[in-house]
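Written below as structure tokens is the structure these notes are about.
Quick caveat, the model's predicted, so the values are computed rather than measured.
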Amino acid sequence: MPPTPQQRRAARHHQPVPDAGTPPARGRRKKPITADAIVDAALDIVAREGYEALTMRRVAAALETGPASLYAHVVNKDDLDELLIGRLCAEIELPEPDPAAWREQITGVYTRMRDQYLRYPGISRAALAAAPTNEDTLRLGEGMLAILLAGGIAPQTAAWGVDSLTLYVNAYTLEISLLSHSGNEWVVSRDELLSRFAGLPDTFPQTKRYAAELTAGTDHERFDFTIELMLDGLARRR
């Protein structure tokens, strides 16, 4: 019976380092195909062209090999997604939980997650696609849960709080990537949106009256507002 995807993932950590072998006929030595090399190539594609451009075939082409060569190291595209998010999570430092600074600490972690995802447009699609099983991703969840628990948040509330905050960061970064996509014909400027709201019929009195408030926000003001709003709700449940 062939190994399951879970068994192949586990075996990946115990594989010997591939031999670079004899240089190809053209005289240029190829980089060995490893899981890390695949992740590096995939992240480079996403950084330059966005997550929508990422396919196993594109990664194989970047590594100057065929798609079949990748499957010795990565089970499938879903497995690659898990590795990508794991890599980004591994680069986020976690503070030692401090009960007196739990709000600042959890905000800092989620801000770093936001910035990581924004470096790779649309990458949060990969985070939204499946429950985390990669140890690097789980390490981040463990750290965030520890921060909330140290802050006096009840275990069930803390668990759902981490889930809700993470979902918001995923959605926020995905929205930013969609808004920034140059080919998105549905994206309009704030001035255009204000003009459209002003032209609405009188059956939309609140939208017309508060158009400025509805369209306000620069940089990450809305992000900061929402994180604070969610933390206020968690604090009330302590």
Side-chain angles (χ1 to χ4, degrees), residues 39-40 42-44 46-48 50-51 54 81-181 187 190 213-238:
V39 171
D40 288 342
L43 286 176
D44 183 62
V46 177
R48 289 185 289 105
Y51 180 74
L54 181 64
D81 285 345
E82 189 173 288
L83 288 172
L84 296 180
I85 297 301
R87 168 73 69 80
L88 299 186
C89 288
E91 295 174 356
I92 298 175
E93 294 184 7
L94 287 165
E96 186 67 27
D98 181 355
W102 69 275
R103 291 182 64 122
E104 293 80 4
Q105 288 186 329
I106 202 73
T107 298
V109 173
Y110 277 111
T111 298
R112 288 189 285 277
M113 178 188 288
R114 176 201 71 194
D115 292 344
Q116 279 283 73
Y117 287 176
L118 289 178
R119 290 169 56 200
Y120 303 96
I123 195 72
S124 57
R125 286 184 187 272
L128 287 164
T133 57
N134 183 285
E135 288 190 6
D136 289 319
T137 308
L138 290 171
R139 176 197 70 92
L140 194 62
E142 169 79 14
M144 293 187 293
L145 184 60
I147 291 171
L148 293 186
L149 292 173
I153 308 299
Q156 185 64 79
T157 302
W160 285 353
V162 169
D163 182 56
S164 298
L165 286 159
T166 302
L167 281 172
Y168 172 68
V169 175
N170 289 339
Y172 176 86
T173 54
L174 180 57
E175 181 185 48
I176 293 294
S177 71
L178 293 174
L179 291 173
S180 301
H181 195 286
V187 175
R190 187 189 184 203
E213 287 81 1
L214 288 169
T215 59
T218 59
D219 297 328
H220 296 304
E221 288 180 344
R222 288 176 179 249
F223 178 88
D224 296 339
F225 169 82
T226 305
I227 294 294
E228 284 296 312
L229 191 67
M230 296 175 80
L231 294 182
D232 287 344
L234 290 174
R236 285 195 296 271
R237 290 176 170 265
R238 286 198 297 173

Open item on the list: Does D81 form a side chain to side chain contact (heavy atoms under 4.5 Å, CB included) with I123? I'd like the steps, not just the answer.
Closed with: CA-CA 9 Å; D81 285 345; I123 195 72; over 6 Å; no

Identify all side-chain donor-acceptor contacts of residues 136-158 below 3.5 Å with residues at least two apart in sequence or on another chain.
residue	atom	partner	partner atom	Å
R139	NH2	C89	O	2.7
R139	NH2	I92	O	2.7

Open item on the list: Among residues at least two apart in sequence or on other chains, which ones pass ring-ring contact (aromatic ring centres under 6.0 Å, His included) with F223?
Closed with: Y168, Y172

TODO: Applying side-chain contact (heavy atoms from CB on, under 4.5 Å), name anything that partners D232, two or more places apart in sequence or on another chain.
DONE: R103, R236

Open item on the list: Tell me whether the count of non-hydrogen atoms from other residues, nucleotides or ligands lying under 6.0 Å of CZ in R238 goes above 12.
Closed with: yes

TODO: Can you establish whether the number of heavy atoms outside E228 located under 6.0 Å from its atom CD is more than 12?
DONE: yes

Task: Heavy-atom closest pair, residues Q105 and P95 - done: NE2-CB, 3.6 Å

Open item on the list: Distance check, rounded to the nearest 0.5 Å: L231 atom CG versus T107 atom OG1?
Closed with: 4.5 Å

Open item on the list: For D224, give me all partners under salt bridge (Lys or Arg N to Asp or Glu O under 4.0 Å), at least two apart in sequence or on another chain.
Closed with: none

Task: side chain to side chain donor-acceptor pair (under 3.5 Å) against R112, all qualifying residues, sequence neighbours excluded - done: none

Task: Shortest non-hydrogen separation from G161 to L234 and the atoms involved - done: CA-CD2, 4.0 Å

Open item on the list: Run the salt bridge (Lys or Arg N to Asp or Glu O under 4.0 Å) test against D44 and tell me which residues pass, sequence neighbours left out.
Closed with: R48

Task: Residue pairs involving residues 100-134 (criterion ring-ring contact (aromatic ring centres under 6.0 Å, His included); sequence neighbours excluded) - done: none

Open item on the list: Does anything in residues 89-99 form a side chain to side chain donor-acceptor pair (under 3.5 Å)? List the pairs, not counting sequence neighbours.
Closed with: E91-Q116

Task: L84 CG to L43 CG distance, which is reported to the nearest 0.5 Å - done: 5.0 Å

Open item on the list: Main chain of L174, side chain of S177: is a donor-acceptor contact present, judged purely on distance under 3.5 Å?
Closed with: yes

- [ ] State, yes or no, whether a side-chain contact exists between R119 and D115 at a heavy-atom distance under 4.5 Å.
- [x] no

Task: Gap separating the CD1 atom of I227 from the OG1 atom of T111, nearest 0.5 angstrom - done: 7.0 Å

- [ ] Show your working on salt bridge (charged side-chain N to carboxylate O under 4.0 Å, His left out) between D40 and R87 and close with a plain yes or no.
- [x] CA-CA 9 Å; D40 288 342; R87 168 73 69 80; 2.8 Å; yes

- [ ] Just jot down the side chain to side chain donor-acceptor pair (under 3.5 Å) partners of T215, sequence neighbours excluded, or say none.
- [x] R190

TODO: Tell me, please, which residues at least two apart from L118 pass side-chain contact (heavy atoms from CB on, under 4.5 Å).
DONE: R114, T173, I176, H220

